[in-house]
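Below you'll find the structure, written out as structure tokens, and then a few comments.
Here the structure is a predicted model, which is why all the values come from computation and not from measurement.
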Amino acid sequence: MAQTSTTPIRHLLEVGQFDRPGIEHLFAEADRMRDLPRSAAPLAGLILATLFYEPSTRTRLSFESAMLRLGGNIISTENAREFSSAIKGETVEDTIRIVNGYADAIVIRHYEQGAAHRAAEVSGVPILNAGDGPGEHPSQALLDLYTIGHELGRIDNLRVALIGDLRYGRTARSLARLLRLTEGTELVFVSPPAVPMGADIRAELAEAGVPFRDDPDLDAVLPNVDVVYQTRVQKERFASTEEYESAKGQYVTDAEAMRRLNPGAILMHPLPRVDEITTAVDADPRAAYFRQAHNGVFIRMALLNELLADGSTTGR
Ligand code: CP
């Protein structure tokens, strides 16, 4: 049985599955994966299926790179919404039952919140949630917190500003939940009025005793935080173009914003970006978003290895 926490887990569905020892163990494993020789091949002979009903560059390719670096193989559908039998009306549950016969683990991204949980209910092999609508994106949050640790040398006593679309942005939602496992963290939500952080996440933070506040004034926030986590306004989740237009373009990090940012802070973004971070910012050493994306390979190697290497889910 894979062990990513003090309580073993079989699937990666949401960040709520983790406790503090679990993330510390996973981050140590990700560090180990950085230097793992390709010849080690701990997952040789195993097959990962990547089933993406929504577009992706980073998540799909980094999961596939991770599996290949571990000596495993991949089968993939990058546009399952159109090019799998979903277009003929097949349910997620039936698709998962079928792919169980083809692969030892399944990474799924789906446009419906809760789809990964539904997949896990019928799956005999590990399911890894690569994003379920506006729900969660747990491997992203794990790589985000891992990146904070690498960049700042700590994951505690952080002042974190989450910027942008906090209503539909699943990466911000998952990261806020994961930060409950840190000590002394304070959160600031900077979002357009149409897309505030959800009441469900606020309730969880309040219950965990994590201080948070809303502040629409990004200029005032920038000098006083350690981490700025920018996000894209999720055009694909809005009911109408008018609603999207009312939310987009309100918070842009440009060279002027970087002058206000605390010199010891970092700027993160799960990517892709549209216009919320200008390219002029990329050369600033505090711009951590490309390093952040590269860290995804090591976190995903650690996750796959934890779920598959001991053979309990594959019968090896
Ligand atoms: N961060 C992220 O989920 O990127 P992709 O949509 O490219 O996978």
Side-chain angles (χ1 to χ4, degrees), residues 1-2 4 8-18 43 46-64 66-67 72-142 165 167-174 177 198 200-201 234-240 270 272 296 300 303-304 306-308 312-315:
M1 181 71 68
T4 53
I9 64 169
R10 276 204 71 213
H11 306 284
L12 175 70
L13 302 178
E14 53 175 289
V15 297
Q17 293 172 252
F18 286 85
L43 301 189
L46 298 183
I47 299 171
L48 177 70
T50 55
L51 202 54
F52 277 63
Y53 294 80
E54 283 192 332
S56 169
T57 297
R58 278 145 292 274
T59 310
R60 187 172 67 86
L61 293 181
S62 63
F63 262 120
E64 294 182 356
M67 189 64 177
N73 302 293
I74 54 165
I75 54 175
S76 183
T77 173
E78 63 180 305
N79 184 357
R81 196 168 187 168
E82 284 183 47
F83 296 136
S84 76
S85 286
I87 198 84
K88 302 175 202 163
E90 185 165 70
T91 63
V92 167
E93 285 84 350
D94 276 1
T95 301
I96 294 296
R97 287 184 184 104
I98 295 304
V99 180
N100 262 243
Y102 305 157
D104 300 293
I106 301 168
V107 177
I108 181 171
R109 170 171 288 185
H110 200 277
Y111 47 89
E112 287 177 5
Q113 190 165 353
H117 282 85
R118 283 168 46 208
E121 278 169 21
V122 298
S123 183
V125 303
I127 297 292
L128 296 100
N129 180 5
D132 60 329
E136 279 238 22
H137 194 343
S139 66
Q140 178 71 47
L142 290 163
D165 183 349
R167 177 179 177 190
Y168 298 122
R170 57 196 172 201
T171 66
R173 288 171 53 80
S174 285
R177 290 191 79 199
D200 54 344
I201 304 294
Q234 307 272 303
K235 183 177 184 180
E236 63 274 27
R237 311 245 180 260
F238 285 81
S240 69
R300 290 171 175 133
L303 286 165
L304 291 171
E306 289 291 302
L307 286 166
L308 291 171
S312 62
T313 59
T314 61

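Contacts of F63 classified as ring-ring contact (aromatic ring centres under 6.0 Å, His included), with partners at least two apart in sequence or in another chain: none. When the ring-ring contact (aromatic ring centres under 6.0 Å, His included) test is applied to H110, the partners found at least two apart in sequence or on another chain are Y53.
Residues L142 and R300 are not in side-chain contact: their nearest non-hydrogen atoms beyond the backbone lie 4.5 Å or more apart. Within the 4.5 Å cutoff, side-chain heavy atoms of L51 are placed close to those of I96. No side-chain heavy atom of D94 sits less than 4.5 Å from a side-chain heavy atom of V122. Within the 4.5 Å cutoff, the side chain of R60 has no heavy atoms near those of the P55 side chain. The shortest distance between side-chain heavy atoms of S139 and L128 does not fall below 4.5 Å. In this structure, the side chains of T95 and I108 stay at 4.5 Å or more apart for every pair of heavy atoms.
Summarising the geometry of A130 relative to T59, their closest heavy-atom pair is CB-CG2, 3.7 Å, with the distance given to 0.1 Å. Shortest non-hydrogen contact noted between N73 and M67 is O-CG, 3.5 Å. When all heavy atoms of L48 and V107 are compared, the closest pair comes out as CD1-CG2, 3.7 Å. When all heavy atoms of A116 and I127 are compared, the closest pair comes out as O-CG2, 3.9 Å. Taking every heavy atom of both residues into account, L304 and A66 meet most closely at CD1-CB, 4.0 Å.
Distance alone, capped at 3.5 Å, is enough to place a donor-acceptor pair between the S174 side chain and the H137 backbone. Judged purely by atom type and a 3.5 angstrom limit, D165 uses its side chain to pair as donor or acceptor with the backbone of Q234. Here the side chain of S123 pairs no donor or acceptor atom with the backbone of A119 at under 3.5 angstrom. Checked by atom type and distance alone, the side chain of N129 never pairs as donor or acceptor with a backbone atom of L12 at under 3.5 Å. With hydrogens and angles disregarded, no donor-acceptor distance shorter than 3.5 Å links the side chain of R170 to the backbone of P138.
Between the CD atom of E136 and the CG atom of L13 there is a distance of 9.5 Å, given to the nearest 0.5 Å. Atom-to-atom distance recorded for F52:CZ and T77:OG1 is 10.5 Å, nearest 0.5 angstrom. Atom-to-atom distance recorded for L46:CG and L307:CG is 11.5 Å, nearest 0.5 angstrom. The CZ atom of R167 sits 7.5 Å away from atom CZ of F238, with the distance rounded to the nearest 0.5 Å.
If you check the side chains of H11 and Q17, you find no donor sitting under 3.5 Å from an acceptor.
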Salt bridge (Lys or Arg N to Asp or Glu O under 4.0 Å) between R237 and E54, intermediate numbers included: CA-CA 12 Å; R237 311 245 180 260; E54 283 192 332; 2.9 Å; yes
side-chain contact (heavy atoms from CB on, under 4.5 Å) between R109 and T50, intermediate numbers included: CA-CA 8 Å; R109 170 171 288 185; T50 55; over 6 Å; no
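Each of Q140, R177, R173 was compared with V15 under the side chain to side chain contact (heavy atoms under 4.5 Å, CB included) criterion, and only R177 meets it.
Atom OH of Y102 is surrounded by 12 or fewer heavy atoms from other residues, nucleotides or ligands within 6.0 Å.
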